[in-house]
Amino acid sequence: MWRGYDAIDGLDQNVSLATVLGLGLAEGGMAGEAELRISDPENGIEMTLDDAALSTLDQQSFETSTIWTDRVQQFAGPSLLAILNHAGITEGTVRLEAANDYAITIPVAELSETAPIVANRIDGEAFSLRQKGPLWVAYPYDSKDAFQSEEVYARSIWQLVAVERVAPAP
Ligand SMILES: Nc1nc2c(c(=O)[nH]1)N[C@H]1C(S)=C(S)[C@@H](COP(=O)(O)O)O[C@H]1N2
Ligand SMILES: [Mo]
């Protein structure tokens, strides 16, 4: 079943070639700079959070396997909700966009203080674009059946580059 791709409207022009290439070249070790754009056009909010800024927010972590990885690992980073709240976004719908043209929308009401997180560390290390980084929206899949659903998988966007508040789906 195909969900979530209806929201795709192409790569934002703000994703510079340099960013994509720079991150793409990083493998293991140094993971390239995480940069997350947050915007709420209707309320004039626009900011970019780098790794240091993300690290100042409340951190969450959990150990889990995923359907995309081959062992249990620790995922850590701020919750998506904490990031949105930091930007003054507390309700409505957000559209998450990846470096690879994938995008998904999520109602803010379906986010919690603990899940999903915007993971910027796996087992304590920053991770590269090739490893689905440097930012990956991750849920503690192993913790409950509800997190092992196609909807949650579709929301598990990796190579996250931007979050924008949008009009709710009709
Ligand atoms: N960046 C990015 N994240 C993504 C996707 C994608 O294409 N790009 N696909 C999503 C969807 S619809 C699901 S179901 C799973 C799909 O993962 P799979 O294609 O590895 O099964 O990851 C989600 N996260
Ligand atoms: Mo999917």
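Along the sequence shown, residues are numbered consecutively beginning with 1. These values consider heavy atoms only, across backbone and side chains, with no hydrogens, waters or symmetry-generated copies. Counting convention: from 1, in listed order, for ligands and their atoms alike.
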Check each atom of ligand 1 against the heavy atoms of [X] and keep those under 4.0 Å away; list them by number with element.
X    : result
N100 : 1 (N), 2 (C), 6 (C), 7 (O), 8 (N)
A98  : 1 (N)
E150 : 14 (S)

Contact partition for Y102 relative to ligand 1, non-hydrogen atoms under 4.0 Å: side chain
Under-4.0 Å heavy-atom contact with ligand 1, by part of S156 that carries it: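 The answer is the backbone.
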Sole candidate of D58, L54, L49 that passes side chain to side chain contact (heavy atoms under 4.5 Å, CB included) when paired with H86: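 It is L49; the other options fail the test.
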Any side-chain heavy-atom pair of [X] and [Y] under 4.5 Å:
X    : Y    : result
R71  : D123 : yes
R121 : D51  : yes
S156 : V137 : no

Pair Y153 + W68: ring centers closer than 6.0 Å: yes
